[in-house]
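Every chain is numbered from 1, with letters handed out A, B, ... down the list of sequences. In this text the structure is predicted, and so the values were computed from the model without any measurement.
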Amino acid sequence: MSEQRKLTSQSEDFSAWYLEAIQRAELMDYAPVRGCIVFRPEGYELWERIQAGLDARFKATGHRNAYFPMLIPESFMQKEKDHIEGFNPELPWVTEAGGEKLEERLALRPTSETIIGHMYSKWIQSYRDLPVLLNQWANVFRWEKRTLPFLRTSEFLWQEGHTAHADESEARAESMRMLDIYAEFAEREMAIPMVRGQKTPSERFAGAVDSYSIEGMMKDGKALQAGTSHYLGQNFARGFDIKFLDRDNQLKLVHTTSWGVSTRLIGALVMVHGDEKGVALPPRLAPTQVIMIPIGPPKLRERVMEKFDVVFAALRQANVRVRSDVSEATPGFKFNEWEMRGVPLRLELGPRDVESNHCVLVRRDTGEKITANLDTIAERVKTMLEDIQGNMYTRALAFRLAHSHRHVNTLAELHRHIAEKEAAGALAGWVLAGWCGDDACEAKIKEEVKFTSRNIPFDPPAKKSHCITCGAQAAFTLWLAKAY
RNA sequence: CGGGGUAUAGCGCAGCUUGGCUAGCGCGCCUGCUUUGGGAGCAGGAGGCCGCAGGUUCGAAUCCUGCUACCCCGACCA
């Protein structure tokens, strides 16, 4: 086997492994514009499946889709102070059109709170108009200094929900409900366990009162914010004058929320489940669930293919997403190729199988080879796909637990923890820490060890009593980790 | 934005120090035959404005100058 065909090992260079894996699996390719990528069909279909799963959940909770323009007038961006301060450095601007300089330059949206706020102020008059529950599927732009395919690109695809409510408690309930939907989707469909929690003020969305996130652990021990949900209070209502006349005939400002997940989830999928063989996809999300490969020399091929087609049809019939690879490449090449692309299950059918009315199934998650009777193949495959789905989740959860640490109480101990892990060639992972609530204490952690607060988990595995930095009484317990 | 690096076939690279090239290697690609239960073998073949623009020279992938792009490492981020 040529060395060139193998991927860089995850342990040797995780970042190089990731870049090779997503390109070899044809999920993406680099575009000619800095920081922009092309979503190739394999990658885009993953996004389509994520969209389908989430969209159904949004609809089921009363949301409807709409679409707002990509170009946002500069004056709109200015209306919420924190918002413009947060996003200004990363905005691309349109300054010229039709050969003439524009009177007011237009930003390519980094998110749509402002333009949606503007529209809400026109649409909302009375408490009877509330709540407004909208979502949009869109592309957004953020000119990041350092880009990484799927995780951080200049343009990305996402979904942004924007809701307006008559009172605070209803808006807060909405932001929590959507966070739960994200976590449920990630865990059930993507087989990625998530930690739900609240962002600290320094990590909060620009313009939010409270931000919440779901965080997942990647295989290099780093944390990835996989989804966010914000209670925006009346900040945008004030900026855009979104008022309604309440039952008591008082003019009031609405309370808004926003929440989103992006194509970053594709990166999470790869970084959570991928291994030395390449990408590995959970069956529920995999564009191809079963790859069928015929075995045998040409003189025996006809007999094999006869049965092969029957099995293929049976799986199709059972709604299994099955594909066959009848190319001229050798079986061994195909095995490696489809494992690299992440197909959860392989079905091999050769002359010996046809004789005995069996086939060989090979699991992507464990590598296990199973001989299966062809009479009941569809049922067997479906059961096995569910088993793989469950196993991938269980494994990802076990991995996170194994690399989550709660014995660290002081910054000195955190230094020691990181040094020890590094010396042992192990991952530093996540560290549970107490925090007094002071921004300076949080900033010091980042400064010293490059760990940032991920979130304040709703159900921490333990409560920490003292601030990791200053030693004062802890007001919060949070997860610290290196993050993407 | 600071520090470092790279730019030669679709991909990965060698050649540059010491100018002489009709630019080479591996993988991939095309054709044919033989192969087929873990990355097949043999034979033949296609494919290059050596990042761009200047300069030095009889002669530049190679030396000089200036651009541009990308990558890696640090400060900002779904």
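Between Asp29(A) and Arg40(A), the closest side-chain pair of non-hydrogen atoms falls below 4.5 Å. A heavy-atom distance below 4.5 Å is not found between the side chains of Val343(A) and Leu281(A). Here the side chains of His417(A) and Val431(A) are in contact, with some heavy-atom distance below 4.5 Å. Trp259(A) has its side chain out of reach of His162(A): every pair of non-hydrogen atoms, C-beta onward, lies at least 4.5 Å apart.
With respect to Ser211(A), the side chain to side chain donor-acceptor pair (under 3.5 Å) criterion is satisfied by exactly one of Glu203(A), His230(A), Gln198(A), Gln225(A): His230(A). For the pairing with Phe205(A), the side chain to side chain contact (heavy atoms under 4.5 Å, CB included) check across Leu232(A), Thr228(A), Asp210(A) returns one residue only, Leu232(A).
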Using a cutoff of under 3.5 Å, can you pull out all pairs of nitrogen or oxygen atoms linking the protein to nucleotides 28-34 of chain B, with atom names and distances?
from: rG28(B); atom 1: OP1; to: Arg5(A); atom 2: NH2; distance (Å): 2.2

Pair Asn455(A)-Trp479(A), side chain to side chain donor-acceptor pair (under 3.5 Å): steps then yes or no:
CA-CA 6 Å; Asn455(A) 66 26; Trp479(A) 280 115; 5.3 Å; no
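Residues passing the ring pair (Phe, Tyr, Trp, His ring centres under 6.0 Å) test with Tyr18(A): none are found, sequence neighbours excluded. Take Gln78(A) and apply the side-chain hydrogen bond (donor to acceptor under 3.5 Å, both in side chains) test, not counting sequence neighbours, and it matches no residue.
Separating the C1' atom of rU8(B) from that of rA23(B) is a span of 9 Å, rounded to the nearest Å. Taking atom C1' on both nucleotides, rG4(B) is separated from rC77(B) by 24 Å, rounded to a whole Å. Rounded to whole Å, the C1' atom of rC27(B) lies 12 Å from the corresponding atom of rG39(B). The separation of rG10(B) from rG51(B), taken at their P atoms, amounts to 13 Å, rounded to a whole angstrom. The C1' atoms of rG74(B) and rU62(B) are separated by 34 Å, rounded to the nearest whole Å. Nucleotides rA69(B) and rU35(B) have their C1' atoms positioned 45 Å apart, rounded to a whole Å. With both ends at atom P, the span from rC33(B) to rG47(B) equals 23 Å, rounded to whole Å. Going from the C1' atom of rC64(B) to that of rU17(B) covers 16 Å, rounded to whole Å.
By the 30° and 60° cut-offs, the orientation of the rings of Phe236(A) relative to Phe240(A) is parallel.
A heavy atom lying under 4.0 Å from RNA chain B marks the following residues of residues 338-365 of chain A, by number: Glu339(A), Arg346(A), Glu348(A), Gly350(A), Pro351(A), Arg352(A), Asp353(A), Val360(A), Val362(A).
Centroid-to-centroid, the aromatic rings of Trp93(A) and Trp143(A) stay 6.0 Å apart or farther. With ring centers used as reference points, Tyr231(A) lies 6.0 Å or more from Tyr212(A).
Trp137(A) and Asp55(A) share a donor-acceptor pair across their side chains, judged by distance under 3.5 Å alone.
Distances shown here put a side-chain N or O of Thr330(A) below 4.0 Å from the OP1 or OP2 atom of rA40(B).
In this structure, CZ of Arg301(A) is placed 11 Å from C1' of rU35(B), rounded to the nearest angstrom.
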Could you spell out the base pairing of RNA chain B as a dot-bracket line? Use Watson-Crick and G-U wobble contacts where both distances are under 3.5 Å, [ ] for crossing pairs, | for partners on a different strand.
(((((((..((((......[...)))).((((((.....)))))).....(((((..]....))))))))))))....
Base contacts versus sugar-phosphate-only contacts with protein, heavy atoms under 4.0 Å: please encode nucleotides 73-78 of chain B as B, S and - from 5' to 3'.
SSBBBB
